[in-house]
Amino acid sequence: MTKNLVIVESPAKAKTIEGFLGKDYIVKSCFGHIMDLSKKDLGVDIGNDFLPQYIISPEKKKVVNDLKKQAKDADTIWLASDEDREGEAIAWHLLKALDLNEDRTKRIVFHEITKLAITEAVEHPRKIDKNLVNAQQARRVLDRLVGFELSPLLWRKIKPSLSAGRVQSVAVRLIVEREEEIKSFIAVSSYRVQAEFHIIANQKPVTITAELNKRFNVKKDALAFLEKCKTAEFTVEDVETKPARKSPAPPFTTSTLQQEASRKLGFSVSNTMRIAQQLYESGKITYMRTDSVNLSSLALSMAKEEIKKSFGEEYVKTRNFTTRTKGAQEAHEAIRPTYLNKKIIEGDSSQKKLYDLIWKRTIASQMSEAIVEKTNVTIGISNTAEKFVAKGEVIKFDGFLKVYMESKDDDDSDDQEGILPPLTSGEKLVPREIAAQQKYTQHAPRYTEASLVKKLEELGIGRPSTYAPIISTIQKRDYVVREDRQGITREYDLIVLKGGKIREEMKTENTGYEKGKLFPTDIGTLVTSFLVQYFTNILDYNFTANVEEEFDEIAQGKQVWNHMIRDFYTPFHNQVEQTMENSKKVSGEKLLGQDPQSGENVYVKIGRYGPMVQIGVTDSEKKPRFAGLNKGQSIDTISLEEALDLFKLPRTAGSFEADDVIISVGRFGPYIKHKSKFYSLGKNEDPLEVSLERAIEIIGEKRNKEISKTIRVFRENESVRILNGRFGPYISYNSANYKIPKSTKPEDLTLEECMKIIKETEPSKKKTVKRKK
DNA sequence: CAGTGAGCGAGCTTCCGCTTGACTT
């Protein structure tokens with residue numbers, strides 16, 4: 001009989017801890033939350049003081065039953081879920097779901113997985129903190145009420161299946177408003193003047209680049225300035241050097257890891273988390289969902305050791321970072337390598353890269369500051385008051401920079417500050433070239449997945465475990481798309497003074513090119529403007545921060561959780577009802593123009609299935625015609641001509657093998673239909689232009705592919721085929737697929753054997769293909 | 001997988017935060 005059962009949230013953690021505790025302890029995991037609000041109705045009994053209707057989550061039934069059995073055999077049950085609001089609730093749910101006796105149940109917490117931390121935790125058990133549990137209930141109930149009252153409102157007023165919530169709606173709002181800001185942005189230009197001076201230092205020619213301390217708004221002024229420069233003398237007026245220090249960034253949290261992996265490695269947020277999970281499960285890094293920048297004392301001493309060994313004593317400077325993040329709960333350590341003396345790990349290339357990043361960041365965080373010397377040289381111009389300024393930076397001691405430097409989001413800073421040669425006051429300089437370049441102001445950057453996470457974290461919205469899911473939810477709901485967009489070329493002036501002559505040039509640059517950025521869709525924009533209009537309070541960027549303060553008061557026992565919920569819900573529910581009654585259905589309808597053929601109005605709007613064009617009106621005798629917008633089109637930007645083009649499909653390209661070849665665009669893009677078979681059209685094919693010849697070619701290509709993937713067909717029964725697919729050979733029969741046992745060679749199968757496999761195999765439960773349409 | 005958008009109107013959709021597997025044919 002086991003004396004002690006310890007329950008933690010993560011199975012990987014369970015494995016490690018079991019090693020620390022010895023044979024009297026068995027450690028199991030509950031895989032996160034085991035109970036949740038019922039999904040039928042609201043799951044909250046409004047009339048009964050907001051009593052939550054908990055059920056054991058269906059996918060956790062097995063886990064709970066297993067734990068129940070283990071608990072029966074144990075003398076003492078140790079609830080060791082994480083030390084935060086959600087963890088406390090998990091402990092409480094375990095108590096309830098496992099039907100535990102409170103006298104032999106103990107609650108323990110630790111935020112480092114070290115033997116010392118765990119044995120200490122076991123020595124200091126406590127009771128479940130009911131206040132903290134109540135704070136979690138308030139959080140959970142509030143989210144449910146907001147989500148399950150706002151979403152149905154959207155179904156009625158905009159379109160079915162839409163969703164809204166405390167977190168996702170604000171995330172979308174950020175992207176929508178950034179786009180609006182960009183749309184109304186007007187780039188203004190000014191002329192930046194740079195001079196190149198050549199001097200001889202240590203018998204070597206060196207170029208110094210200096211920038212004028214003033215920009216000219218108009219070309220005329222830039223020209224006038226260069227004209228003056230023709231005859232001017234340039235003198236070094238001042239050389240100022242001052243030392244500066246640079247400090248390393250704190251160790252990784254989930255959010256900063258996602259940002260750096262995106263900037264330095266180009267990983268998407270979900271990719272980063274998947275790889276981090278693999279590293280965690282194989283024991284290479286600590287837990288990857290954390291908001292803490294704290295390192296354990298063990299980690300600090302390991303870092304010290306490693307830095308001393310690899311770089312020398314003078315590079316060591318251990319420090320404790322404190323979090324500045326709103327609402328951080330710090331149940332875990334920062335993300336770090338488990339063993340800091342392990343510089344390189346086994347694994348695939350992405351694992352190696354991510355590990356390397358984590359190792360460097362962790363080590364650098366415990367290294368000395370870098371000492372730099374900054375130099376500012378002011379160069380006077382004899383016939384005008386403006387000055388040229390040259391900036392230099394010299395690293396005197398590299399410190400942590402030896403290992404790691406954090407990247408910035410805007411990496412297009414073109415002022416490279418290098419080393420300046422020694423200059424003295426009064427020294428005369430001769431310019432080799434002075435150039436005035438027309439520079440345009442930039443709009444605020446669009447969000448990337450990672451910079452959105454950064455912003456959400458700043459606002460205290462979302463948690464380490466939810467950043468990646470938020471990003472995918474708002475894309476799944478079609479509120480936001482992640483895309484690359486082509487830029488446009490723009491002309492700019494370049495005026496160069498060289499050899500006593502001024503030359504003017506018109507040059508072009510590419511601007512506005514976007515890679516992997518988040519753009520709002522028509523639906524995202526419409527839903528956001530609806531919610532902002534009627535639920536300004538919920539969509540407020542500070543809403544989460546404000547309710548978090550109240551949750552904290554509940555956790556401290558200063559407020560009763562369902563009172564807080566009542567104070568929120570009463571006006572909120574009233575708002576919902578008012579909106580349901582008073583607001584009209586919104587579709588974002590816009591009149592594009594008239595159809596030249598019929599003279600009828602052409603509208604674009606959001607329909608039941610998304611953005612569409614409509615010719616004519618519904619209440620006229622003639623039925624209106626409809627067409628859905630294609631991918632990449634927007635009701636905001638589509639032209640009348642493009643809209644009318646959508647009605648040219650489907651079209652018949654001609655006849656092939658006595659059947660029509662029909663070309664159209666469906667949910668998955670443009671396609672060819674022939675003999676009730678579908679053939680996708682590639683990116684480079686225009687469905688309006690594709691000829692019959694090309695269509696036949698595409699049909700032929702697909703047929704050839706089919707043949708090459710066929711391993712065997714039976715003449716006696718052509719509906720049974722052995723095919724080669726993504727996951728290896730399989731049997732296809734009546735549009736259902738069957739696995740081939742590993743022991744048999746697919747090419748040797750007889751028809752009888754195939755039929756036997758088909759009969760014996762349970763028709764595999766069809767994956768519920770419920771998709772957003 | 002692949003045009004659907006009223007008319008009649010069933011029954012469905014939805015939140016956030018904890019955790020990993022299942023196993024694609």
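Each chain gets a letter, A, B and so on, in the order its sequence line appears, and its residues count up from 1. Computed from heavy atoms alone, side chains included, the values below leave out hydrogens, waters and symmetry copies.
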Identify whether any heavy atom of Glu281(A) sits under 4.0 Å from a base atom; if not, whether one sits that close to sugar-phosphate; answer base, sugar-phosphate or nothing.
sugar-phosphate

Listed range with range, the stems formed with DNA chain B by at least 3 consecutive Watson-Crick or G-U pairs (under 3.5 Å) are none

Any side-chain N or O of Tyr287(A) under 4.0 Å from OP1/OP2 of dT19(B)?
yes

Is any side-chain N of the basic residue among Lys13(A) and Asp82(A) closer than 4.0 Å to the acidic one's carboxylate O?
yes

Do Ser163(A) and Arg477(A) meet the criterion of a side-chain donor-acceptor pair at a distance under 3.5 Å?
yes

Closest to the side chain of Tyr609(A), out of dC16(B), dT4(B), dT20(B), is dT4(B)

Verify, without hydrogens or angle tests, whether His93(A) (side chain) and His33(A) (backbone) share a donor-acceptor contact under 3.5 angstrom.
no

I'd like to know if the side chain of Gln136(A) pairs up with that of Glu88(A) as donor and acceptor (distance under 3.5 Å, no hydrogens or angles considered).
no

Do the charged groups of Glu149(A) and Arg144(A) touch, with an N to O distance under 4.0 Å?
no

Taking only N/O atoms, report every protein-nucleotides 7-10 of chain B pair under 3.5 Å with atom names and distance.
none

What does Arg144(A) touch in the nucleic acid at a heavy-atom separation under 4.0 angstrom: a base, only the sugar-phosphate, or nothing?
base

Roughly how many Å apart are dC18(B) and dA22(B), using the P atom of each and rounding to a whole number?
24 Å

Using a heavy-atom cut-off of 4.0 Å across all strands, would you classify Lys39(A) as base, sugar-phosphate, or nothing?
base

Interatomic distance, Tyr467(A) OH vs dC18(B) P [rounded to whole Å]
10 Å

What distance separates Glu449(A) CD from Thr272(A) OG1, expressed to the nearest 0.5 Å?
9.0 Å

Describe the nucleic acid contact of Leu646(A) in one word from base, sugar-phosphate, nothing, applying a heavy-atom distance below 4.0 Å.
base

Does Gly87(A) reach a base, just sugar-phosphate, or nothing at all? Heavy atoms under 4.0 Å.
nothing

So, do Ile113(A) and Thr286(A) sit near enough that their side-chain heavy atoms are less than 4.5 Å apart?
no

In residues 145-156 of chain A, which ones come under 4.0 Å of DNA chain B, going by heavy atoms?
Gly147(A), Phe148(A), Ser151(A), Pro152(A), Trp155(A)

Under 4.0 Å between a side-chain N or O of Ser10(A) and OP1 or OP2 of dT20(B)?
yes

Out of dG5(B), dT19(B), dC18(B), minimum distance to the side chain of Pro11(A) belongs to dT19(B)

Taking NZ, NE, NH1 and NH2 as the nitrogens, is one of them in Asp660(A) or Lys675(A) under 4.0 Å from a carboxylate oxygen of the other?
no

Backbone N or O of Thr290(A) within a donor-acceptor pair of the Thr254(A) side chain at under 3.5 Å?
yes

When you check the phosphate oxygens OP1 and OP2 of dC16(B), does a side-chain N or O of Thr466(A) lie under 4.0 Å from one of them?
no

Beyond-backbone contact of Ile698(A) with Ile672(A), side-chain heavy atoms, under 4.5 angstrom
yes

Check every strand shown and say whether Gly607(A) touches a base, only sugar-phosphate, or nothing at a heavy-atom separation below 4.0 Å.
base

Under 4.0 Å between any heavy atoms, over every strand shown, what does Tyr603(A) touch: base, sugar-phosphate, or nothing? Just pick one.
nothing

Ring-face cation of Arg173(A) near Tyr541(A) (centre distance under 6.0 Å, axis angle within 45°)
yes

Is any side-chain N or O of Ser163(A) under 3.5 Å from a base N or O of dT14(B), one able to act as donor and the other as acceptor?
no

Among dG17(B), dT19(B), dC16(B), the one nearest Arg140(A) by side-chain distance
dC16(B)

Gln136(A) side chain near dG17(B) phosphate (N/O to OP1/OP2, under 4.0 Å)
no

Under 4.0 Å, counting only non-hydrogen atoms across every strand here, what does Arg166(A) touch: a base, just sugar-phosphate, or nothing?
sugar-phosphate

Does OP1 or OP2 of dC16(B) have a side-chain N or O of Arg139(A) closer than 4.0 Å?
no

Taking dC23(B) as the reference, what is the distance to dT19(B) when you measure between their P atoms (whole Å, please)?
23 Å

Once you apply a heavy-atom cut-off of 4.0 Å, does Ala164(A) come out as touching a base, just sugar-phosphate, or nothing?
sugar-phosphate

Lys/Arg-Asp/Glu bridge criterion (N-O < 4.0 Å) met for Asp36(A), Arg140(A):
yes

Report yes if at least one side-chain N or O of Arg289(A) is closer than 4.0 Å to OP1 or OP2 of dT20(B); otherwise report no.
yes

Between Pro464(A) and Asp41(A), which has a closest nucleotide on DNA chain B that is more 5'?
Asp41(A)

With sugar-phosphate meaning primed atoms plus P, OP1 and OP2, does Ser81(A) contact a base, only sugar-phosphate, or nothing at under 4.0 Å between heavy atoms?
nothing

Counting the atoms with a prime plus P, OP1 and OP2 as sugar-phosphate, which does Gln614(A) contact under 4.0 Å by heavy atoms, base, sugar-phosphate, or nothing?
nothing

Within the distance-only criterion (no hydrogens, no angle test), does the side chain of Asp84(A) pair as donor or acceptor with the backbone N or O of Gly87(A) below 3.5 angstrom?
yes

